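One structure below.
Chain A is the first sequence line, chain B the second, and so forth, proteins listed ahead of strands; every chain is numbered from 1. Since this is a predicted model, take the numbers as computed values, not measurements.
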Amino acid sequence: MERGIGDRNILDKFAEEVCKIIDKHVKYIVVSGFVAISHGRFRTTEDIDMIIEKISFEKFNKMHFELIKRGFECLQSSKSEEIYDYLDNKDSVRYVRQGTFLPPEMEIKFAKDEIDELQLKTRKKLAFTGLNIWFSSIEINIAFKEEYLGTDKDKEDASHLRKIYQDEINENEITKMKEMIRKLRMK
Amino acid sequence: MMRDKTHAEFIERWASYVKSVPRKEWKSKLDSFTNAQFEKSLAFYERLKKTEKGRVVLKRLKEERVKAKEY
């Protein structure tokens, strides 16, 4: 598979810089739109969705301060205690480059149930993207987009991913994931 | 159901193209598109900064973005 490092756009650079920092502190995955975009889907996004393992405040504090040191800031607060409270209360928090409130932004949330834990456990680096980023599996992304998110944009993302991986996709895995989503997220 | 038939056809056609050409070919097209969107948006916000009314709008936009989202 061809990989490239000289072909990073604004979104790629932002994503790789943030992921490199996060990776030192906690297990993470990038999910949803950026997965499709990294596979060539012809659209862009303002926010990159990331799920991280639920960690203690002490661990989060270290990660937060490294993000600050490396030129990022959290839109919700500058106080790590407050940011941690957002995460702990199942709210997402958003990091952007310092000095701007503008996209791109990394939208971070804690893993909240066994689906998220499974996504983290089965995370993958996807050669097709050429990016050094951990993603949730293609099957899980398709299942979420078709079964749970369901907007036109999500369905189109799923359709694109199905085309890219048409000979490799595990349909049983997608079906199993959809059942899990219905059971845990749509009750 | 997707937006319309021709839109669905575009998704299919573009995905086939991505699959069939070397990465650098589709990536350069996507990169130009992505960078242009961010650059255009940034230029707009820079223009807003130059007027009083624009600065009020910017402040409002910032307040909106800071709101946390429940998931």
* Asked: At a heavy-atom separation under 4.5 Å, does Thr45(A) approach chain B through its side chain, its backbone, both, or neither?
  ->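 Backbone only.
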Measure [X] against the heavy atoms of chain A and call it side chain, backbone, both or neither at under 4.5 Å.
{"X": "Ser16(B)", "result": "both"}
{"X": "Lys27(B)", "result": "side chain"}
{"X": "Phe10(B)", "result": "side chain"}

* To do: Run the salt-bridge test on Glu147(A) and Arg182(A) with the 4.0 Å N-O cut-off and return the result as yes or no.
  =>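 Yes.
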Without swapping roles, check the side chain of [X] against the backbone of [Y] for a donor-acceptor pair under 3.5 Å.
{"X": "Glu139(A)", "Y": "Asn170(A)", "answer": "yes"}
{"X": "Asp157(A)", "Y": "His160(A)", "answer": "no"}
{"X": "Gln76(A)", "Y": "Arg94(A)", "answer": "yes"}

